[in-house]
Asker: 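One structure is given below, represented as structure tokens, and several questions about it will come after.
Reckoned from all heavy atoms, side chains included, excluding hydrogens, waters and symmetry mates. To find a chain, count down the sequence lines: A is the first, B the second, and so on, and within it residues start at 1.
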Number of protein chains: 2
Amino acid sequence: MNKNYDSLKLENQLCFPLYACSKELVRRYQPLLQKLDLTYTQYIVMMVMWEQKEINVKSLGEKLFLDSGTLTPVLKKLETKGYINRSRSKEDERNLNICIAEKGIALRDKALEVPIEISKCVNLAPEEVIAMHKGLYKILDYFKSEE
Amino acid sequence: MNKNYDSLKLENQLCFPLYACSKELVRRYQPLLQKLDLTYTQYIVMMVMWEQKEINVKSLGEKLFLDSGTLTPVLKKLETKGYINRSRSKEDERNLNICIAEKGIALRDKALEVPIEISKCVNLAPEEVIAMHKGLYKILDYFKSEE
DNA sequence: TTATATTAAATTGTGTACAATCTAATTATA
DNA sequence: TATAATTAGATTGTACACAATTTAATATAA
């Protein structure tokens with residue numbers, strides 16, 4: 001009895017092109033982020049900080065889909081660079097509050113160039129970008145609803 | 001003069017949901033792949049091997065968007081597990097040929113369960129999956145055309 | 001209230017990823 | 001054909017990512 005293995009073909013996967021596309025696009029951020037002395041992970045942390053000014057590690061992790069094992073060293077690095085400050089919450093000492101520093105606020109203007117340059121790397125029409133965005137968040141929202 | 005920072009909002013990015021979705025979906029493969037004694041990276045290598053039986057590291061890297069720095073240790077691990085064999089090409093000793101082993105071929109039947117289970121993790125309609133797939137490969141093909 | 005359970009970060013260990021460099025084999029060229 | 005250039009993998013160093021565990025703080029319950 002011959003089995004049908006089509007479902008195991010690389011070209012029939014959804015996860016693989018997601019994974020490859022994500023990696024390749026992140027790789028294209030690196031030369032742009034180097035000018036800001038940021039890695040991609042540090043950059044998405046700073047995007048949250050630019051919007052919120054202050055947040056604890058748990059909330060940050062939920063927003064970015066990252067756990068403390070990843071965030072702890074990244075946040076220590078960002079503090080060393082002077083972009084953020086870390087301090088325990090007075091109300092609940094278990095919480096670590098992350099605060100954007102002056103140097104981090106100043107970085108925002110320089111960062112404006114990044115999305116401009118990155119958009120040149122993606123050859124999708126605006127409506128295709130919107131459709132992709134919508135589909136990705138449909139999946140991500142579903143993932144969140146499962147927890 | 002107030003600047004508009006909307007382009008730096010997390011919710012306006014395309015890369016971030018790609019990155020998060022890819023990570024979360026790969027994470028959902030792990031318990032399924034554990035039964036096959038594979039990691040996700042090892043799994044996508046095996047998907048190529050099931051289709052091709054034989055390939056060299058360079059071609060494999062081009063298919064998977066991975067370089068030798070990543071592949072070398074992964075392929076050594078797969079050889080240790082007995083799923084593949086590594087041998088230098090007789091025609092050109094620079095090339096390393098990867099060959100699927102008996103144990104690797106046998107793994108294919110067990111792997112058939114993986115895409116079935118994974119499809120339950122993704123709440124997209126079939127036509128949405130197709131659209132997403134198409135958009136991702138449009139980007140990936142463009143990336144390839146740049147090199 | 002004291003013991004138990006829960007929670008938030010940090011730590012530890014394993015496995016990618018990739019830039020940069022190195023080494024050996026092959027190819028191209030003066 | 002000797003030398004230079006190129007190519008394929010391997011190696012090294014840095015930075016995630018996450019499961020599992022630990023630690024300290026807080027909340028809950030007997």
Asker: Return whichever of R86(A) or R94(A) has its heavy-atom-nearest nucleotide of DNA chain C closer to the 5' end.
Answerer: R94(A)
Asker: Quick one: ring pair (Phe, Tyr, Trp, His ring centres under 6.0 Å) pairs with a partner in residues 83-128 of chain A, sequence neighbours left out?
Answerer: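 Applying ring pair (Phe, Tyr, Trp, His ring centres under 6.0 Å) to every pair that reaches into residues 83-128 of chain A, excluding sequence neighbours, yields nothing.
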Asker: Hey, does D67(A) reach any base, or is it just sugar-phosphate, or nothing, if we go heavy atoms under 4.0 Å?
Answerer: base
Asker: Tell me what L66(A) touches on the nucleic acid: a base, only sugar-phosphate, or nothing, going by heavy atoms under 4.0 Å.
Answerer: sugar-phosphate
Asker: Considering every strand and a 4.0 Å limit on heavy-atom distances, what is the contact class for V26(A): base, sugar-phosphate, or nothing?
Answerer: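 Answer is nothing: V26(A) stays at 4.0 Å or more from every strand.
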Asker: Between the base of dA8(C) and the side chain of S68(A), is one N or O donor paired with an acceptor at under 3.5 angstrom?
Answerer: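 There is none.
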Asker: Taking 4.0 Å as the cut-off, does a side-chain nitrogen or oxygen of K58(A) come that near to OP1 or OP2 on dA9(C)?
Answerer: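 No.
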Asker: Rounded to whole Å, how long is the line connecting atom OH of Y40(B) with atom P of dA19(D)?
Answerer: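 Going from Y40(B) (OH) to dA19(D) (P), I get 16 Å.
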Asker: Hey, does the Lys NZ or Arg CZ of R28(A) hover above the aromatic six-ring of F143(B), less than 6.0 Å from the centre and inside 45° of the axis?
Answerer: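 Yes - R28(A) lies over the ring of F143(B), closer than 6.0 Å to its centre and within 45° of its axis.
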Asker: So what does T39(A) touch, heavy atoms closer than 4.0 Å: a base, only the sugar-phosphate, or nothing?
Answerer: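 Answer is sugar-phosphate: T39(A) comes under 4.0 Å of backbone atoms only.
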Asker: So, S59(B) and N56(B): side-chain donor and acceptor under 3.5 Å apart, yes or no?
Answerer: yes
Asker: Heavy atoms only, 4.0 Å cut-off, all strands: where does T41(A) land among base, sugar-phosphate and nothing?
Answerer: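 Contact class for T41(A): sugar-phosphate only.
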